[in-house]
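In what follows, a single structure is set out as structure tokens and then discussed.
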Amino acid sequence: ACHLHPPALVSSTRLSYPSPMASGVGVANECVTTFQDLKLKHTLRYIVYKIENDKQIVVEKSKSPEGTYEEFMADLPGEDCRYGIFDMEFQSDDGRLQNKIVFVSWSPDSAKIKSKMLYASSKDAFRRKLVGISTEVQGTDRSEVDKERVIEKCKHI
């Protein structure tokens with residue numbers, strides 16, 4: 001005879017494992033507080049986030065206001081996915097200095113399929129936790145997240 005779990009036991013077991021996002025990936029509190037430091041206190045130029053152990057989004061790296069876009073690009077790995085936030089400073093077409101917070105979804109062609117799927121399925125819920133992003137850029141190669149290309153996108157928002 002085959003012993004099956006009673007339906008009540010199965011459903012209560014399912015309920016005991018809530019998933020924070022559709023992907024089941026959680027978000028460390030430091031992700032939002034670090035973003036607030038960048039947005040409100042202007043103590044950071046950029047933040048790079050990674051999914052650790054397929055379970056939680058954490059801050060991998062952040063850089064002071066002296067950080068450059070080139071350094072940010074260098075901190076995005078060539079073989080794996082990441083999320084990034086960059087406080088982009090640029091001149092508008094009429095010469096005014098402007099800032100826009102840019103969310104970068106980095107998913108290089110050479111990344112593993114599992115990683116691409118995990119980052120893609122976690123992105124929207126993660127981004128909603130970071131209130132105040134004005135521009136989103138998705139990149140599968142460096143040319144898609146080129147600084148001039150991102151600035152052009154910022155200008156048209």
Side-chain angles (χ1 to χ4, degrees), residues 18-157:
S19 74
M21 296 189 191
S23 64
V25 172
V27 178
N29 290 338
E30 68 171 339
C31 293
V32 177
T33 55
T34 305
F35 174 75
Q36 295 297 335
D37 289 345
L38 178 143
K39 180 178 115 178
L40 301 173
K41 297 178 186 172
H42 305 286
T43 55
L44 299 171
R45 174 65 61 198
Y46 69 84
I47 309 163
V48 177
Y49 299 97
K50 73 175 185 174
I51 298 178
E52 196 169 67
N53 302 321
D54 296 344
K55 291 184 179 157
Q56 187 170 40
I57 299 172
V58 298
V59 173
E60 180 178 48
K61 188 172 273 195
S62 60
K63 194 75 171 202
S64 69
E66 294 74 36
T68 66
Y69 195 77
E70 291 69 27
E71 290 172 312
F72 173 66
M73 292 295 297
D75 285 337
L76 297 176
E79 304 292 319
D80 201 5
C81 305
R82 291 293 186 273
Y83 302 121
I85 295 287
F86 193 90
D87 187 1
M88 184 66 77
E89 200 171 79
F90 60 96
Q91 279 200 326
S92 64
D93 291 334
D94 61 4
R96 292 176 294 123
L97 194 60
Q98 291 193 304
N99 279 67
K100 299 267 180 161
I101 297 176
V102 179
F103 180 89
V104 176
S105 179
W106 176 245
S107 182
D109 289 330
S110 56
K112 292 181 174 143
I113 297 292
K114 181 182 177 187
S115 180
K116 289 181 188 183
M117 290 174 65
L118 194 58
Y119 276 80
S121 62
S122 303
K123 181 188 72 142
D124 290 338
F126 177 54
R127 189 180 167 204
R128 280 193 296 274
K129 290 184 177 289
L130 307 178
V131 178
I133 295 168
S134 65
T135 306
E136 181 176 326
V137 179
Q138 295 188 34
T140 58
D141 69 52
R142 304 263 176 209
S143 68
E144 293 175 343
V145 290
D146 173 74
K147 184 177 182 180
E148 295 309 313
R149 199 175 202 174
V150 173
I151 289 174
E152 281 307 306
K153 190 163 184 178
C154 288
K155 286 180 178 181
H156 294 98
I157 295 221

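This one's a predicted model, so the numbers in the text were calculated from it and none came from an experiment.
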Any V150 side-chain heavy atom under 4.5 Å of K147 side chain: no
Got a second to check how far K61's NZ is from R82's CZ, nearest 0.5 Å? 10.0 Å
Throw together a table of side-chain donor-acceptor distances under 3.5 angstrom for residues 95-103, partners on residues two or more places apart or in other chains.
residue : atom : partner : partner atom : Å
R96     : NE   : D94     : OD1          : 3.1
R96     : NE   : D94     : OD2          : 3.1
N99     : ND2  : D87     : OD1          : 2.9
K100    : NZ   : I157    : O            : 3.4

Rounded to the nearest 0.5 Å, the OG atom of S105 sits from the NZ atom of K123 at a distance of 5.0 Å
Does the side chain of L76 come within less than 4.5 Å of R142's, by heavy atoms? yes
For E144 and T140, the nearest pair of non-hydrogen atoms, with its separation, is OE1-N, 2.5 Å
Could you go step by step and tell me if Y49 and F126 meet the ring-ring contact (aromatic ring centres under 6.0 Å, His included) rule? CA-CA 10 Å; Y49 299 97; F126 177 54; 5.0 Å; yes
Can you name the nearest heavy-atom pair linking F90 to K155, along with the distance? CE1-CG, 3.6 Å
For K114, which residues count as a side-chain contact (heavy atoms from CB on, under 4.5 Å) partner, sequence neighbours excluded? D54
Are F35 and I133 packed together at the side-chain level, in the sense that at least one heavy-atom pair is separated by less than 4.5 angstrom? yes
Minimum-distance pair of heavy atoms, taken over all atoms of E60 and D75: OE1-O, 4.5 Å
Using side-chain contact (heavy atoms from CB on, under 4.5 Å), reason through Q56 and I51 one step at a time and then give a plain yes or no. CA-CA 5 Å; Q56 187 170 40; I51 298 178; over 6 Å; no
Does the side-chain contact (heavy atoms from CB on, under 4.5 Å) test come out yes or no for T34 and L44, once each step is laid out? CA-CA 8 Å; T34 305; L44 299 171; 3.5 Å; yes
How close do R149 and S143 get, counting heavy atoms only, and between which atoms? NH1-O, 3.0 Å
Cationic N near anionic O, under 4.0 Å, R127 to E136: yes
In Å and rounded to the nearest 0.5 Å, what is the OG to CG distance from S107 to D109? 8.0 Å
K63/E71 salt bridge by N-O under 4.0 Å criterion: yes
For a 4.5 angstrom cut-off between non-hydrogen side-chain atoms, does K50 reach V58? yes
Just wondering, do E66 and R45 contact through their side chains at under 4.5 Å, heavy atoms? no
Shortest non-hydrogen contact from A111 toward D80: CB-CA, 4.0 Å
Can you list the steps and then say if K129 with C31 is a side-chain contact (heavy atoms from CB on, under 4.5 Å)? CA-CA 9 Å; K129 290 184 177 289; C31 293; over 6 Å; no
Less than 4.5 Å apart, side chain to side chain, heavy atoms only: is that true for P65 and H42? no
Is there a side-chain contact (heavy atoms from CB on, under 4.5 Å) between W106 and V145? Walk through the geometry before answering. CA-CA 9 Å; W106 176 245; V145 290; 3.9 Å; yes
When the ring planes of F86 and Y69 are compared, do they come out parallel, tilted or perpendicular, using 30° and 60° as the limits? perpendicular
What distance separates I113 CD1 from L118 CG, expressed to the nearest 0.5 Å? 13.0 Å
Using a distance-only test with no angle check, is there a side-chain donor-acceptor pair under 3.5 angstrom linking T43 and D37? no
Which value, rounded to the nearest 0.5 Å, describes the distance between S134 atom OG and K39 atom NZ? 11.0 Å
Which atoms form the tightest heavy-atom contact between G78 and S110, and what is the distance? O-OG, 2.7 Å
Would a 4.5 Å heavy-atom cut-off, applied to side chains only, mark F72 and M88 as touching? no
Test item: Y83 and V104 side chains (from C-beta on) under 4.5 Å apart, heavy atoms: no
